[in-house]
2 protein chains.
Amino acid sequence: MNFDEFIKRTGIPVSFEKGAHVFHQGDSNDSLYFVISGLAKAYYLSIDGKESIKSFIKPGNMISSLSSAHARLPCTFNLLVLENTQLLEIPFKCLTKAAKEHHAIANQLIDRLLMLSMKKEQREYELLTLSVESRYLNFMEREPILAEQLTQNDIAKYLGVTPVALSRIKNRLK
Amino acid sequence: MNFDEFIKRTGIPVSFEKGAHVFHQGDSNDSLYFVISGLAKAYYLSIDGKESIKSFIKPGNMISSLSSAHARLPCTFNLLVLENTQLLEIPFKCLTKAAKEHHAIANQLIDRLLMLSMKKEQREYELLTLSVESRYLNFMEREPILAEQLTQNDIAKYLGVTPVALSRIKNRLK
DNA sequence: TTTGCGCATTAACCTAGGTTAAAACGAGAT
DNA sequence: ATCTCGTTTTAACCTAGGTTAATGCGCAAA
């Protein structure tokens, strides 16, 4: 039994129109979502209404609110789709159940989680040690195609800076 | 077969004197370390010599350079002990091998990795959205005992500011 | 064609934190 | 008791980015 196969066999197809929310911060949501086509963004909204983007989720990638699905707490972030998007929805419990029943799936899940940890570590590293300018340059180098699909606004909020500041940085660079 | 048991049975005890390095950035190091007693810090050193602290590792917790142990790249950070410290050292391969052989260990490892991901997500969230002042307050509330063992210098470097700035913030707060 | 709206840019001003350096403050070693 | 070394505080100055607001630029709806 293969991990990808499991996702594709178990997942229920759901579609969202550009701009729609899959779930909101504060909700309870126990699913894992696999992006088939389209694009999603996971973002935080602070009390005073400021938006910060946690991540963009491209086709082939997955997203889940671990705090809700695994720890049974409210979702800490919002998930919305930036394009018309097709997802596969899998109850998180199904996945952990499958891991418990099929040793192969457990090991493939471990591999995914290790990859995820490394990715998160990289982002944490950049936020901790790099200037906004360096983060911007890294992002543009690593994700040139994605960057073209995004507004300056969203790139800025992903980098942890205001759109105004990002505009200045771009200006400074050329 | 239990995860903790496995670590304790397989791990080789190693000791480091206060101030000693377990490994350096750029090294290759394929081990996972479990802290029995003492305290360790994982930190980045930038080209211009600036230090940023990735995390502190307390007794009962584990640390590994995933990029080296799992992805066979050089370590991205340094690991040094802040007190005389006893560790258990386990080749990372042993752990993944054990997960492949024992389904129970695989599932406990999944649980640990999910916890780790949530922790990293929390840190990423704070770095992305909160001011240094809020991060400082959160840290002091969450880790009051740990904070007492650390210098202001190390707390600042963990929060991503200079010691000078942290001193100012403390002053402002009282 | 016009209206409206979201996005990007620019400018002026403000603030938090960086930088550098000096002084003050321990705690341990001699 | 004094010296030393690392840590913390304080101060002066600088810079990156935040804030607010005005302007310009599409593009889609009417």
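To find a chain, count down the sequence lines: A is the first, B the second, and so on, and within it residues start at 1.
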Listed by chain and number, what are the ring pair (Phe, Tyr, Trp, His ring centres under 6.0 Å) partners of [X], not counting sequence neighbours?
{"X": "A:His102", "result": "none"}
{"X": "A:His103", "result": "B:His103"}
{"X": "A:Phe77", "result": "A:Phe23"}

Between [N] atom [atom2] and [X] atom [atom1], what is the distance in whole Å?
{"X": "B:Gln149", "N": "D:dT7", "atom1": "CD", "atom2": "C1'", "result": "17 Å"}
{"X": "A:Leu82", "N": "C:dG6", "atom1": "CG", "atom2": "P", "result": "16 Å"}
{"X": "A:Tyr136", "N": "C:dA8", "atom1": "OH", "atom2": "P", "result": "11 Å"}

Phosphate contact (D:dG18 OP1 or OP2) by A:Lys157 side-chain N/O below 4.0 Å: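 For A:Lys157, the contact criterion (side-chain N or O under 4.0 Å from OP1 or OP2 of D:dG18) is not met.
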Listing request: all side-chain hydrogen bond (donor to acceptor under 3.5 Å, both in side chains) pairs with a residue in [range], at least two apart in sequence or in separate chains.
{"range": "residues 79-96 of chain B", "result": "B:Ser31-B:Glu89, B:Tyr33-B:Glu89, B:Ser37-B:Gln86"}
{"range": "residues 137-156 of chain B", "result": "B:Lys41-B:Asp154, B:Lys58-B:Glu143, B:Glu126-B:Asn138, B:Glu126-B:Arg142"}
{"range": "residues 157-174 of chain B", "result": "B:Glu133-B:Arg172"}

Polar side-chain atom of A:Ser68 near backbone of A:Asn29 as donor-acceptor pair, under 3.5 Å: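 Checked: pair present.
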Quick one, give me the B/S/- string for nucleotides 9-17 of chain C, reading 5' to 3', where B means a protein heavy atom under 4.0 Å from the base and S means that only happens at the primed atoms, P, OP1 or OP2. SBBB----B
So what is the end-to-end bend of the helix from C:dT1-D:dA30 to C:dT30-D:dA1, with 5 pairs used at each end and the value given to 10 degrees?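 End-to-end axis angle for the helix from C:dT1-D:dA30 to C:dT30-D:dA1: 30°, rounded to 10°.
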Would you call A:Arg9 and A:Asp4 a salt bridge, taking side-chain N to carboxylate O under 4.0 Å as the test? no
Using heavy atoms and a sub-4.0 Å distance, could you list which residues of residues 137-148 of chain A are near DNA chain D? By number, please.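 Hits under 4.0 Å, by residue number: none.
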How far does CE of B:Met118 sit from CE of B:Met115, to the nearest 0.5 angstrom?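 Atom-to-atom, B:Met118:CE and B:Met115:CE are 7.0 Å apart.
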Find the distance between CZ (A:Phe139) and CG (A:Leu150) and round it off to the nearest 0.5 Å.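 A:Phe139 CZ to A:Leu150 CG: 5.5 Å, rounded to 0.5 Å.
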Any pair with a residue in residues 105-127 of chain A that passes ring pair (Phe, Tyr, Trp, His ring centres under 6.0 Å), sequence neighbours left out, goes on the list, sorted by first then second residue, please. A:Tyr125-B:Tyr44
Please, which pairs that meet salt bridge (charged side-chain N to carboxylate O under 4.0 Å, His left out) have at least one residue in residues 18-34 of chain B, sequence neighbours excluded?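 Every salt bridge (charged side-chain N to carboxylate O under 4.0 Å, His left out) pair that includes a residue of residues 18-34 of chain B, provided the two are not neighbours, is B:Asp30-B:Arg72.
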Side chain to side chain contact (heavy atoms under 4.5 Å, CB included) between B:Val81 and B:Val22, intermediate numbers included: CA-CA 7 Å; B:Val81 302; B:Val22 179; 4.1 Å; yes
Please tabulate the protein-to-nucleotide N/O contacts below 3.5 Å involving nucleotides 27-30 of chain D, giving atom names and distances.
none

